[in-house]
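These notes concern the structure reproduced below.
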Amino acid sequence: MELIQSFLNLVAPPITFVSLGFLLPAFVFFKYFLSFVRTVFSEDITGKVVLITGASSGIGEHLAYEYANRGAQLALVDRRETPLEEVANTARYYGSPDVITIPADISNLQDCRRIIDVTINHFGQLDHLVNNAGIANMTLFEEIKDITSFNQIMDTNYWGSVYTTRFAIPYLRNSRGKIIVLSSTAAWLSAPRMSVYNATKAALRSMFETLRVELAPEIGITIVTPGFVESELTKGKALYSQGTIEVHQDVRDALIGAIPVETVEACAKAIVRSACRGDRYLTEPSWYNGLYYLKVFCPEVLEWCYRIFVYTRPGTSAAEAPSKKTVDITGAKNVMYPPSIHSAEIEDD
């Protein structure tokens, strides 16, 4: 057995590179052709049923509006009832023929079962499941006081999507529907202060890549990896060292620095467009793809940049990070950040 492994270690790399040389050009051409066909014959979702988790704010809220613009019927899910009802009313105004709200906590298994049951009982079908709900952390791993208090990030970001998907699969199979899962560039672009969040997004990506194999061709899966997008997260709302949800814009500034933050409207439009095309992946904004290749081929460069510009030692204020000082001195926030995230005010129920 060791002889076989040694042989494969020797011959597998050159065979792989030679094979790629022959196959890659044809494969890339095929993918571009397929993308063109999918764009021309994009799915018409008028009257179809879309379930969106985390729909009371941020990307989830604007996904509701974008689906409503296209005439979809909506089941909107969130813990916060008052802002959820406000989103539902706006979605009706934008053109959705029927909208229901389902107050629920997707980290709870029974709530996830109820979400699907209520949707099917009301609409009789499910065509798109959008797993969007999530929470983040913005604290150094060493500064966490009680590590078990961070279980809620995995419970919401990962298990919430897994639970809801499991109960939705029979109905999505019947409609030959789609799953849209909001992972993040954090799945592969591992920024400091977001260790647990990064891990949950990587887990989501791996989980739904596996489900793509198991559920094809009846159910399509689009994995979305947004970068910094206008939301409560980019306002600085996250789990901090005490295990409580707080808003700290100095930490946000250190993390984002002078990187431009995309408007949530542009992100939502790109996601729905990509889902209707049946894309396998969407990175939004697309320029983050360049960082992905840098991560693959030169991971040390990104790590050095993070350590030099973003990281501060435990016990040191995030305001000391060079990235934070840069945005303060240059006023880059006024240009790079949408106006809505300049304020630390968070709408809550």
Side-chain angles (χ1 to χ4, degrees), residues 53-54 56-60 78-80 105-108 131-163 181-207 224-257 259 261 264 288 295 302-303 305-307 309-321 323-324 337 341 344-348:
T53 66
S56 72
S57 65
I59 295 176
D78 203 283
R79 292 180 298 103
R80 301 177 295 182
D105 179 359
I106 66 163
S107 66
N108 181 285
N131 289 311
N132 166 74
I135 55 177
N137 68 288
M138 288 189 189
T139 186
L140 296 175
F141 188 73
E142 286 183 77
E143 292 181 340
I144 297 173
K145 304 302 182 184
D146 177 9
I147 190 63
T148 61
S149 66
F150 280 58
N151 289 348
Q152 58 185 297
I153 303 179
M154 180 63 80
D155 290 341
T156 300
N157 296 11
Y158 178 74
W159 285 114
S161 295
V162 171
Y163 294 155
V181 57
L182 274 290
S183 179
S184 170
T185 54
W188 45 266
L189 195 60
S190 303
R193 298 183 181 274
M194 303 188 77
S195 53
V196 181
Y197 175 80
N198 296 345
T200 64
K201 293 302 185 178
L204 269 181
R205 176 169 176 157
S206 180
M207 178 68 181
V224 184
T225 52
F228 289 123
V229 175
E230 177 186 12
S231 66
E232 290 184 345
L233 188 155
T234 50
K235 275 193 171 187
K237 180 181 178 181
L239 216 62
Y240 287 87
S241 58
Q242 299 295 333
T244 55
I245 297 289
E246 302 169 22
V247 180
H248 292 291
Q249 295 207 315
D250 55 342
V251 180
R252 183 276 311 271
D253 292 350
L255 181 64
I256 299 178
I259 297 173
V261 177
V264 68
Y288 275 83
K295 169 73 174 180
L302 284 176
E303 291 171 13
C305 288
Y306 275 137
R307 287 196 63 83
F309 295 107
V310 179
Y311 174 75
T312 56
R313 294 188 177 278
T316 304
S317 170
E320 297 302 314
S323 54
K324 164 66 174 169
Y337 299 1
I341 67 170
E345 183 179 348
I346 298 292
E347 181 178 5
D348 214 337

Just wondering, do [Y] and [X] contact through their side chains at under 4.5 Å, heavy atoms?
X	Y	value
Val196	Met154	no
Arg252	Ile341	yes
Thr139	Ile144	yes
Met207	Ser161	no

Would the distance check show the side chain of [X] and the main-chain N or O of [Y] forming a donor-acceptor pair, the cut-off being under 3.5 Å?
X	Y	result
Lys201	Trp188	no
Ser206	Ala203	no
Tyr288	Phe228	yes
Asn198	Ala191	yes
Asp155	Asn108	no
Thr53	Asn132	yes
Asn137	Leu239	no
Ser323	Ala254	yes
Glu142	Arg313	no
Thr185	Pro226	yes

Nearest 0.5 Å, please: how far is [atom2] in [Y] from [atom1] in [X]?
X	Y	atom1	atom2	result
Met138	Tyr197	CE	OH	8.5 Å
Arg80	Asp105	CZ	CG	12.5 Å
Arg79	Thr156	CZ	OG1	7.5 Å
Lys235	His248	NZ	NE2	15.5 Å
Thr225	Leu189	OG1	CG	10.0 Å
Leu255	Tyr306	CG	OH	7.0 Å

Grab the two heavy atoms, one from Asp250 and one from Ser317, that are nearest each other, plus how far apart they are. OD2-OG, 4.5 Å
Here the pair of heavy atoms bringing Phe141 nearest to Ile147 is CE1-CD1, 3.7 Å
Is there a side-chain contact (heavy atoms from CB on, under 4.5 Å) between Phe150 and Ile135 once you walk through the steps? CA-CA 10 Å; Phe150 280 58; Ile135 55 177; over 6 Å; no
Could you tell me whether the side chains of Thr244 and Glu246 share a donor-acceptor contact shorter than 3.5 Å? yes
Using the side chain to side chain donor-acceptor pair (under 3.5 Å) rule, pick out the option among Glu320, Lys324, Arg193 that qualifies with Thr312. Arg193
Step by step, would you call Trp159 with Asn151 a side-chain contact (heavy atoms from CB on, under 4.5 Å)? CA-CA 11 Å; Trp159 285 114; Asn151 289 348; over 6 Å; no
Give the intermediate values and the outcome of side-chain contact (heavy atoms from CB on, under 4.5 Å) for residues Tyr337 and Thr234. CA-CA 9 Å; Tyr337 299 1; Thr234 50; over 6 Å; no
